[in-house]
J.: 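Could you have a look at this structure, given as structure tokens, before my questions?
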Amino acid sequence: MEYTPSGKLKMSTYIMILVGIVALALGFVNDHTEHHNAFWANLLLNGFFFMTISLAATFFIAVQYAAEAAWAVVFKRIFEALMAFLPYGGIIVTIVLAMNSAGVAHMYHWMDPEVMDPNSEHYDALIAMKKPYLNQVFFWIRTVIYLAGWIYFARYFRKKSLEEDQIGGESFFWQNRTMSAIFLVFFGFSEMFAVWDWVMSIDVHWHSNLYHWYLFATMWLAFIALSLLITYYLKGKGHLKEVNDSHLHDLGKWLFAVGLLWAYFFYAQFLLIWYADMPEETVYFKLRIKEYGGLFFGTALFNFFVPFWVLMSRDAKRNPVFVVPVAILLFISHFLTYWLVFLPSATGGHDHLSFTDIGVFIGFLGAFLLVTFNALAKAPLVVKNHPYLEESKHLHI
Amino acid sequence: MSDKILYAVFGDDEVALNAAKKVTSEGVHVSDVFSPFPIHGIDPVIGLKRTRIAIAAFIYGTLGTILALSGMYYFMIYDWPQDFGGKPNFTFVDNVTSFVPITFEFSVLLAAHGMAVTFLFRNWTLPFMKAHNPIPESTDDKFVLEFRASENEKSLEEIKAMVEAGGVERIIEKEA
Amino acid sequence: MHQEASIREPLILGEKTYKDITDDVIRPIEGKASKLWYIFFTVAVITALYGIGQILYLLGTGVGVWGLNKTINWAWDITNFVWWVGIGHAGTLISAVLLLFRQKWRMAINRSAEAMTIFAVFMAGIFPMIHMGRIWMAYWVLPLPNQFGPLWVNFNSPLLWDVFAISTYLSVSLVFWYIGLIPDFATIRDRLKKPLPKHIYSVLSFGWSGSAKQWQRFEEVSLVLAGLATPLVFSVHSIVSMDFATSVVPGWHSTVFPPYFVAGAVFSGFAMVQNLVIVMRKVMHLENYITIKHVEYMNIVVIVVGGIVTVAYLAEFIMAWYSGNPYEDFIYLSWDAARGPYGWAFWSLIIFNNLIPQLYWIKKIRRNLYWTFLISIGINIGMWFERFDIIVLCLNRDYLPSSWTMFYPTATDIGIYVGTLGIFSTFFLLFTRYFPVLAFNEVKTILKSSGEQYKKQHQDNH
């Protein structure tokens, strides 16, 4: 059964992209922060946020293979389509990083050669000692490895899945399974280093060992929320007849579980830094609480309490009246937590949430949905010949 | 009150389930089922409502949350505020971060134990209770449907004929 | 009817009926114990008694009989505590988390793993209690009104969080385990003929009848308890890690500690389950239920959590250097630790925890019982060293080089540790003798979807 996105849907995504372009332009003009850092940080934030949703999709597909899980096989194509934005997001991230390297943008303080020079008045011993790790050459080697690796694996999983449709047999399943195990190892390390390099090194004096897992929970949750919303959307349009209440219930459970996982990471990091009260660490939260207190605590509490209270009961997890609004709201509030990760650090607290931020977000969302739905249209909505397909169709809980 | 009971003993869960489906579709009421493990899908067939024990657990858990938070407020903020490691605990908000672990643990403690106790009392399974499964094999490999004359319009003879067509292994009749 | 993909390996081998499953599991309880069991039991009891003797000596004399000193004021006691709590994480993980993930293979091992959990947490509880020195004042950790005026325990202290976490974990695990046992006790009760054992199992089974409503509640309670126990598993070892991580000691204060301790706990817990289950399936002839595939599944979990631990080690190692803090250069994962006087402990950790488990990537090895048994012992050694390294290596390089010192365990340190192994084994052996070691009534529910002969029939029909 082929799927073509409706003209209305495509039109909406184009309008969203247009809004994004206008917002970006306005944002650049109205950006009064030093070196247009707010503009660049916004671009990096959106590129990173949407790229890592695709990365989380790749991760989740690999987990399904590695764990021999059958439940999601019927709507696996949605996960595959969500991987499609990975290269586009990668390009955006690369552009911002290149602008920083070239000295156009100044988000990364350590890229300034003066701080590494002992004779300069801007010399910073604590940054200079990090030079073996934080130097442009090594940084770019790593960046290329992460992006190339992720894109390679994502394309591999997709390719084998499409070939399985055409040819059949168990061999594609086993190939994907082996590659999933390798990918998970690669992901475990690359995700950590990528977050250190691209995100944590914006606050070059600050470090937290949990940071990469804290950001990872948001990637995962945003991915789950989107796949849940797309599944409900397609079902509403009369597609995906094989997807039953049990599948939707399982997606609801994931939304609940990953939402609480995020809360666990957030709390573990916040508690330990708050408790030990060491100035070199608390500086991170101090800036966010002082300048963005309402947003900071608001999103954190929202991210925990909303899924916890609304989705706890079994009936709510199966009921679109509860699940769909929660998924949308969590998607937005997790984006805002990411905003709090990038913007305050890059601008030193001199930029506040404005309509341009929202516009850019809408633009990126439009582009992401366009790419995703185009990818969905390229293959049948339900896989064929997957060894777990029958088991997945008969899912009943 | 004297009542007549008919026990239909089956050797397989699916056969028992199908028999139950068949007799209930003809208006027979299955009073109870005894099995060594839960037969999936039989609850709606014999007209069992969903259990509300999870709601009980939720209430116990909420009670735990309230008790833990108010207890810690009393101990640490109201009754004897102190300064620990440069963190004076004169207000609740300043200290609530470190109250989270115990609040969580205490909520789980009450929810789990409250639910377990409710479960045991509602089931009437407590130490020194007598079991009331009709045949001992029903905790091993037999599946028993129970029919009571008082709860059925059809006579036990009719029901007996119906379950015999449904692949019953053995039928036991009893006065109660 | 639930359908299972044909490429999945069967979880119950041979041609089994429901009755066979009951028979196979209960037979060891009905019969006489083997000679081997008596030999194991004697050794375990003697070791346990030796350990209890050492504990009494410690209580009578004082904590000074341990090898602690002014610089290293926490060592084996807390190492053993964390090690045992960690081992106690596999059981609830298997029964709760894997229940939520609908992993059918959990049913063959959850009972014994949970028993192990409870005994291990009990062993863990011994250490902080005897560390108090005056154990008869242990009730002071509770917020009780007392004669000193309204002076309460410190709810801001992670040590008090531990009190709540460990006791909640122990009691909830116990309840979870016992509720699962009730229907199985009922089966034993209905089979036994001798009056006294029948009466005992009758009392233990609480008069369970297996009626539809009872089963409905039973399933709901299992599910909700699993839902409660899952965050509980995460919280307990997170809180244990906070004993260290809330401090400002270099090497201890690390935000990654909570999730990383949880992963490490599951790592060692599964290794211990492997050790016990591999022996148990052989001695009690349960090879058809605890198959090679079960062992392989557990080994895959070991690879995953071992991988998480490895990523965390790398983060610790690099971040210690990246911080630019000279004191961080001496933490348990640093070059100075590798080259220093505790280099052997550092390398034991790396070799046993990170290198040897990688052998499981080879399918032949992770499906081989001998290799699995040996590697699992290795992981338990490695995880013991992890806790030893975190505690002793971070303390032995004090801020002042004049305070740098070494820790030497005394006979009491070693005796108590070995003793807890004996007490633990005693409990576990008694469990295997008198309790149904498999949740056999639960196993029956997967016979038709995952049993070997049913899977074959299903394939032939297609």
Side-chain angles (χ1 to χ4, degrees), chain B residues 12-14 30 32-40 42-43 46 48 50-51 53-54 57 61 71-72 75-76 79-80 82 84-85 87 89 95 98-99 101-102 104-106 108-109 111-113 115-116 119-120 122-133 136-141 146, chain C residues 1-2 17-19 22 143 150-158 160-161 164-165 167-168 171-172 175-176 179 182-183 186-187 189-191 202-221 223-225 228-229 231-232 235 238-239 242 441-442 444-445 448:
Chain B
D12 187 272
D13 46 335
E14 281 167 68
V30 182
D32 210 344
V33 181
F34 295 93
S35 56
F37 55 83
I39 306 174
H40 280 264
I42 207 160
D43 295 359
I46 63 167
L48 271 192
R50 261 173 66 186
T51 167
I53 205 157
M72 282 186 280
F75 299 138
M76 299 292 289
D79 197 33
W80 192 284
Q82 289 180 73
F84 290 113
K87 285 192 183 58
N89 51 355
N95 256 237
S98 61
F99 292 163
I102 288 181
F104 170 79
E105 298 297 336
F106 202 67
V108 169
L109 186 79
H113 291 292
M115 182 176 58
F119 166 75
L120 294 177
R122 290 288 291 143
N123 269 349
W124 215 233
T125 46
L126 294 163
F128 302 102
M129 288 280 169
K130 275 244 173 307
H132 56 276
N133 47 331
E137 294 94 326
S138 80
T139 56
D140 184 356
D141 64 340
E146 179 187 299
Chain C
M1 181 63 206
H2 187 83
T17 61
Y18 292 142
K19 184 136 194 83
T22 316
L151 181 63
W152 303 102
V153 287
N154 181 6
F155 285 88
N156 284 343
S157 163
L160 189 74
W161 304 347
F164 277 83
S167 48
T168 303
S171 66
V172 171
V175 166
F176 199 3
I179 286 182
I182 289 174
T187 309
R189 168 200 74 202
D190 288 342
R191 281 169 60 96
S202 170
V203 173
L204 288 173
S205 71
F206 287 9
W208 176 267
S209 320
S211 71
K213 192 71 193 175
Q214 287 186 337
W215 276 121
Q216 187 198 36
R217 293 199 187 103
F218 178 89
E219 290 213 289
E220 186 80 0
V221 165
L223 195 65
V224 176
L225 275 180
L228 287 169
L232 188 60
S235 79
S238 298
I239 289 174
M242 286 168 191
N441 281 327
E442 218 178 346
K444 289 173 192 168
T445 60
K448 284 188 182 168

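Lettering follows sequence order; numbering is per chain, from 1.
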J.: What pair of heavy atoms forms the shortest contact from B:M76 to C:V153, and how long is it?
T.: SD-O, 3.8 Å
J.: Donor-acceptor pair, distance only, cut-off 3.5 Å: does the side chain of C:K444 make one with the backbone of B:D141?
T.: no
J.: Please flag which part of C:L204 lies under 4.5 Å from any non-hydrogen atom of chain B: side chain, backbone, both or neither.
T.: neither
J.: Report the C-alpha distance between B:F128 and C:F206 in whole Å, list the side-chain angles of each, state the deciding distance to 0.1 Å, and finish with yes or no for ring pair (Phe, Tyr, Trp, His ring centres under 6.0 Å).
T.: CA-CA 6 Å; B:F128 302 102; C:F206 287 9; 9.1 Å; no
J.: Please look at C:I179 and chain B and tell me whether the side chain, the backbone, both or neither of the residue comes under 4.5 angstrom of a heavy atom of that chain.
T.: side chain
J.: Can you tell which part of B:D32 gets under 4.5 Å to a heavy atom of chain C, answering side chain, backbone, both or neither?
T.: side chain
J.: Taking 4.0 angstrom as the limit, do B:D13 and C:K448 come out as a salt bridge?
T.: yes
J.: What part of C:F218 lies closer than 4.5 angstrom to a heavy atom of chain B: side chain, backbone, both or neither?
T.: both
J.: Mind listing the closest non-hydrogen atom pair of B:E105 and C:S235 along with its distance?
T.: OE2-OG, 2.6 Å
J.: Looking just at side-chain N and O atoms, do B:T139 and C:D190 make a donor-acceptor pair shorter than 3.5 Å?
T.: yes
J.: Measuring from atom OG1 of C:T187 to atom CG of B:D140, what distance do you get when rounded to the nearest 0.5 angstrom?
T.: 6.5 Å
J.: How long is the span from the CG atom in C:L228 to the CZ atom in B:F104, to the nearest 0.5 Å?
T.: 8.0 Å
J.: What residue in C:Q216, C:K213, C:E442 has the most heavy-atom pairs under 4.5 Å with chain B?
T.: C:Q216
J.: Taking side chain as everything from C-beta outward and backbone as N, CA, C, O, which of these in B:N123 sits under 4.5 Å from a heavy atom of chain C? Side chain, backbone, both or neither.
T.: both
J.: About how many Å separate CZ of B:F37 and OG1 of C:T445, when rounded to the nearest 0.5 Å?
T.: 6.5 Å
J.: Taking the side chain as everything from C-beta on, heavy atoms only, tell me whether C:V224 gets closer than 4.5 Å to B:I53.
T.: no
J.: Parallel, tilted or perpendicular: which describes the rings of C:W152 and B:F75, with under 30° parallel and over 60° perpendicular?
T.: tilted
J.: Using heavy-atom distances under 4.5 Å, tell me whether B:I39 contacts chain C through its side chain, its backbone, both, or neither.
T.: neither
J.: Flag the pair C:R191 and B:E137 as a salt bridge only when some basic side-chain nitrogen lies within less than 4.0 angstrom of an acidic carboxylate oxygen.
T.: no
J.: Quick check: do C:S171 and B:L109 have side-chain heavy atoms less than 4.5 Å from each other?
T.: yes
J.: Where on B:A57 is there a heavy atom nearer than 4.5 Å to chain C: the side chain, the backbone, both, or neither?
T.: side chain
J.: Working to the nearest 0.5 angstrom, can you tell me the gap between C:S202 OG and B:M129 CE?
T.: 11.5 Å
J.: If every non-hydrogen atom of C:G207 is compared with every non-hydrogen atom of B:T125, which pair is closest and at what distance?
T.: O-CG2, 4.0 Å
J.: Considering only heavy atoms and a distance below 4.5 Å, find which of B:A116, B:P38, B:G61, B:A54 pairs most often with chain C.
T.: B:P38
J.: Where the side chain of C:W215 meets the backbone of B:S35, is there a donor-acceptor pair that is under 3.5 Å apart?
T.: yes
J.: Taking C:T22, C:N441, C:N156 one by one, which has the highest count of heavy-atom pairs under 4.5 Å against chain B?
T.: C:N156
J.: Report which part of C:V175 has an atom under 4.5 Å of a heavy atom belonging to chain B: side chain, backbone, both, or neither.
T.: side chain
J.: Quick check: do B:M115 and C:E220 have side-chain heavy atoms less than 4.5 Å from each other?
T.: no
J.: Which atoms of C:P231 come close to chain B, meaning under 4.5 Å heavy atom to heavy atom: side chain ones, backbone ones, both, or neither?
T.: both
J.: Who among B:P127, B:S138, B:A112 has the most heavy-atom pairs with chain C under 4.5 Å?
T.: B:P127
J.: Looking only at heavy atoms and a cut-off of under 4.5 Å, which of B:Q82, B:M72, B:H113 has the most pairs with chain C?
T.: B:H113
J.: So which residue, B:D12, B:I46, B:I42, ends up with the most heavy-atom pairs under 4.5 Å with chain C?
T.: B:D12
J.: Determine the interplanar angle of the B:F106 and C:F164 rings, folded into 0 to 90°, and report it as parallel if under 30°, tilted if 30 to 60°, perpendicular if over 60°.
T.: perpendicular
J.: Please list, chain by chain and in numerical order, all residues satisfying side chain to side chain contact (heavy atoms under 4.5 Å, CB included) with C:S209, sequence neighbours excluded.
T.: B:F34, B:A131, B:H132, B:N133, C:Q214
J.: Which bit of C:I239 is near chain B, if near means a heavy-atom gap under 4.5 Å: side chain, backbone, both or neither?
T.: side chain
J.: Out of C:T17, C:L225, C:I182, C:T168, which one racks up the most heavy-atom pairs below 4.5 Å with chain B?
T.: C:T168
